[in-house]
K.L.:
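Below are the structure tokens for one structure; questions will follow.
Both backbone and side-chain heavy atoms feed into the values below; hydrogens, waters and symmetry mates do not.
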Amino acid sequence: MKKTLLLSLSFAISIGTMAQVSFTPSSGEIGNYDDTSECAVDMNGDYLDDYVRVAPSGIGIDYQNADGSFTSVFQNTPIQNDPNWSIAAGELNGDGYNDLVLGNGQRVSFVFSSSDGNTHTEDTSFTDFIFSQRSTMADIDNDGDLDSFVCHDIDLSHPYRNDGNGNMTEDQTLIETIDLPGNYAAVWVDYDNDGDTDMYLTKCRGGSSPGDPERDNAMYTNNGDGTFTENGADIGMRDNAQSWSTVFEDFDNDGDFDAFIVNHDFQNRFMENDGTGNFTDIIATTGINPNDLGAWENQAADFNNDGFVDIFSELSKELYINNGDMTFTGIDLPFDEGAIADLNNDGFLDVANDGTIWFNNGNGNNYVKFALEGVDSNFNGIGARVVIAGEWGEQMREVRSGQGFGHMNSLVAHFGIGTSDEIETVTVYWPSGTVDQIENPDINTQHIIVEGSNLAVASNTIEGISLFPNPSTEFISFSLQGQNDIPLTITDVNGKVITKTTISSGETVSTQQLKSGIYFATIEVDGKKGNYKFIKK
């Protein structure tokens, strides 16, 4: 095992007596709206998650206020495509407010925000029949805007390409999946740690026999060139057990995503990632009953803020608390599904279900939250990986739209840190390739991180040598004192080499060809390397 896992185990033991979980139901705090699908996501751009309920009569939104209270608003906009099977959220049309994709047993529609985020309009132009078991959003083609992928129970699933302005077009070339029915739940995850987003498709086909390929779960591995290769069997993830939903989280904090699969045939699976993207079923040692079959919803989050992700699923025990050693302890809850978010801004994750918010009673553990704002990446940073490091080792989360089976969870990356009172670093790996890093972020609060605002590549200058002018409009130069033929490399924030040349005292290097943005100029003088951050206007 990796060193970070061993550190994490000792951390879990030290706080084990505090890691309790209980909930209290809301009573009069929120509006009384029709409730078809659960969605807990920020809808007005204040980085606080709201409770969104979509039904044929309209859209009810309980807007969370900073003090944990709510302002309830009902938008009397009839919804033709009642989302009684699936809902997902993300920013599609470029106005900075989240939009929705709705799915049911007949068709798909998209709900777009107005320019001020106060009203929403349903686009019902998608008339093709699709039995949508799960809808998701992801930047499938990595062009900086969100696309959508909707599972189809009866036939080939539907990918929808975004033109950047919210114009969605079904496009089977966006990701080519197997032309078979039984597509129940998709989840976008970088399971092989190569920096791009892959897609796992959980499959179940009513009436099919064991061995039927319609039941084969599939992993579509991103090749990094806009294509995907299905390799579920090669990595140990081609389950054939009538699966309904799969969650991917780093359950042992060792730097890779493991998976928990709920099945209706054979047994449930707990798939441990060996760090290379290959999986082994270890459910027999986890404390979770492999024969507790029939769950459909399946989610995961750190509900007790102890630094380990728990499992929230429709099993006989609704919540399995992660003990920190890849074993779990089941506890009973009065609910078994819902949308997960911090809905009273206290740092503990709550659950919105069927017109009730189950508020987490919390404990003495600490936390930190990160809301992302993409610049080159999509607005919410969906697909980004957030890693925090401290005395426990490391924890990581991915920002995802459309996890589990039917609900939509928060797009804020939430971490519990137990009794620790310090975080050494937080690092954000954006879909664009940009890497931001912040040292010693405050705990017990939410941070908003704008892409490129805290670049992990810091300036490391050579004493006596400076870069000027900064910002640059036409050129840069260095205060070299008689040095000649000095190697110079200019890279962008993604590490792409833009220019490689040499420079001598008194010379300038043109920057007119550079787009506006942040760049790094690296020189080497007398065996010393200097890295200079500069801005091109």
Side-chain angles (χ1 to χ4, degrees), residues 1-16 18-19 189-195 248-258 272-276 300-302 304-310 322-326 342 347 349 365-373 377 381 383-400 412-460 493 495 531:
M1 288 191 177
K2 297 182 180 179
K3 183 177 180 182
T4 52
L5 174 57
L6 297 177
L7 288 171
S8 297
L9 295 183
S10 62
F11 176 62
I13 292 169
S14 71
I15 65 166
M18 297 175 59
V189 53
D190 181 11
Y191 81 93
D192 53 3
N193 286 352
D194 66 351
F248 281 83
E249 295 293 345
D250 186 6
F251 289 106
D252 51 6
N253 288 347
D254 69 346
D256 53 55
F257 289 113
D258 313 296
E272 184 178 26
N273 192 331
D274 69 356
T276 68
D302 183 0
N304 56 9
N305 283 0
D306 68 348
F308 290 93
V309 176
D310 313 305
N322 190 335
N323 298 319
D325 58 359
M326 288 297 259
D342 182 3
L349 292 174
N365 289 338
N366 297 318
Y367 73 93
V368 68
K369 300 186 295 182
F370 300 98
L372 306 186
E373 185 175 317
S377 303
R385 177 176 295 197
V386 184
V387 180
I388 65 169
E391 63 184 8
W392 61 85
E394 290 187 348
Q395 295 184 56
M396 68 177 182
R397 304 284 187 269
E398 274 188 346
V399 181
R400 300 174 185 147
V412 174
H414 166 273
F415 297 85
I417 60 171
T419 56
S420 180
D421 59 5
E422 183 180 9
I423 298 171
E424 295 173 3
T425 60
V426 55
T427 307
V428 181
Y429 300 89
W430 297 85
S432 67
T434 298
V435 179
D436 280 298
Q437 188 171 87
I438 300 173
E439 295 184 356
N440 304 121
D442 292 338
I443 66 169
N444 294 334
T445 190
Q446 176 169 285
H447 300 267
I448 300 168
I449 300 181
V450 178
E451 183 176 12
S453 62
N454 298 273
L455 293 170
V457 182
S459 292
N460 181 24
V493 293
N531 193 53

K.L.:
With sequence neighbours left out, what residues match D421 under side chain to side chain donor-acceptor pair (under 3.5 Å)?
P.N.:
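By the side chain to side chain donor-acceptor pair (under 3.5 Å) rule, D421 matches no residue at all.
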
K.L.:
A side-chain contact here means heavy atoms from C-beta on lying under 4.5 Å apart; do D256 and F248 qualify?
P.N.:
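They are not in contact (no side-chain heavy atoms under 4.5 Å apart), so the answer is no.
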
K.L.:
With sequence neighbours left out, what residues match D258 under salt bridge (charged side-chain N to carboxylate O under 4.0 Å, His left out)?
P.N.:
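With neighbours one apart ignored, the set is empty.
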
K.L.:
The criterion is ring pair (Phe, Tyr, Trp, His ring centres under 6.0 Å); which residues satisfy it with F257, sequence neighbours excluded?
P.N.:
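With neighbours one apart ignored, the set is empty.
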
K.L.:
Verify, without hydrogens or angle tests, whether N531 (side chain) and N460 (backbone) share a donor-acceptor contact under 3.5 angstrom.
P.N.:
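Side chain of N531 to backbone of N460: no pair is present.
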
K.L.:
Counting distance only, does the side-chain N/O of N323 pair as donor-acceptor with the main-chain N or O of D325 below 3.5 Å?
P.N.:
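Between the backbone of D325 and the side chain of N323 there is no qualifying donor-acceptor contact (under 3.5 Å).
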
K.L.:
Using only atom types and a distance under 3.5 Å, with no angle test, would you say the side chain of D342 pairs donor to acceptor with the backbone of G347?
P.N.:
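Yes; at least one donor-acceptor contact below 3.5 Å.
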
K.L.:
Determine, stepwise, if the pair D250 / E394 fulfils side chain to side chain contact (heavy atoms under 4.5 Å, CB included).
P.N.:
CA-CA 10 Å; D250 186 6; E394 290 187 348; over 6 Å; no

K.L.:
List the residues meeting side chain to side chain donor-acceptor pair (under 3.5 Å) with R400, not counting sequence neighbours, and say none if there are none.
P.N.:
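Per chain and number, R400 pairs via side chain to side chain donor-acceptor pair (under 3.5 Å) with E398, Q403.
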
K.L.:
What residues, two or more places apart in sequence or in another chain, satisfy side-chain contact (heavy atoms from CB on, under 4.5 Å) together with N366?
P.N.:
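Result, side-chain contact (heavy atoms from CB on, under 4.5 Å) vs N366: I417, I443, N444.
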
K.L.:
Between D436 and S453 (side chain of the first, backbone of the second, donor and acceptor by atom type, cut-off under 3.5 Å), is there such a pair?
P.N.:
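Answer holds: yes.
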
K.L.:
For a quick test of reading the model, state the closest non-hydrogen atom pair linking N365 to N304 and the distance between them.
P.N.:
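Heavy-atom minimum between the residues: ND2-O, 2.8 Å.
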
K.L.:
Scan side-chain atoms only and decide if E422 and N440 contain a donor-acceptor pair under the 3.5 Å cut-off.
P.N.:
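The answer is yes; a qualifying pair exists.
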
K.L.:
From E249 CD over to R397 CZ, what is the distance, rounded to the nearest 0.5 angstrom?
P.N.:
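Atom-to-atom, E249:CD and R397:CZ are 6.5 Å apart.
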
K.L.:
At their closest point, which heavy atom of V309 faces which heavy atom of A301, and how far apart are they?
P.N.:
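Minimum heavy-atom contact is CG1-N, 3.5 Å.
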
K.L.:
Name all residues meeting the side-chain contact (heavy atoms from CB on, under 4.5 Å) criterion together with A384; count only those two or more places apart in sequence or in a different chain, and write none if there are none.
P.N.:
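With sequence neighbours excluded, A384 shows a side-chain contact (heavy atoms from CB on, under 4.5 Å) to L372, V428, P431, given in chain and number order.
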
K.L.:
Which atom pair, heavy atoms only, marks the closest approach of V387 to Y429?
P.N.:
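V387 and Y429 have their closest heavy atoms at CG2-CE1, 3.9 Å.
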
K.L.:
What's the shortest heavy-atom distance between S377 and W430, and which atoms?
P.N.:
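Heavy atoms only, the tightest pair is OG-CB, 3.6 Å.
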
K.L.:
Please name the pair of heavy atoms, one in P441 and one in V426, separated by the smallest distance, quoted to 0.1 Å.
P.N.:
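Nearest pair, atom of P441 first, then V426: CG-CG1, 4.0 Å.
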
K.L.:
Under a plain distance cut-off of 3.5 Å, with no hydrogens placed, do N305 and H414 share a side-chain donor-acceptor pair?
P.N.:
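Result is yes, a qualifying pair exists.
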
K.L.:
Given V386 and F415, is the side chain to side chain contact (heavy atoms under 4.5 Å, CB included) satisfied, shown in steps?
P.N.:
CA-CA 10 Å; V386 184; F415 297 85; 3.8 Å; yes

K.L.:
Of all heavy-atom pairs between I449 and I438, which one has the smallest distance, and what is that distance?
P.N.:
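Looking at all heavy atoms of both residues, the shortest contact is CD1-CD1, 3.9 Å.
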
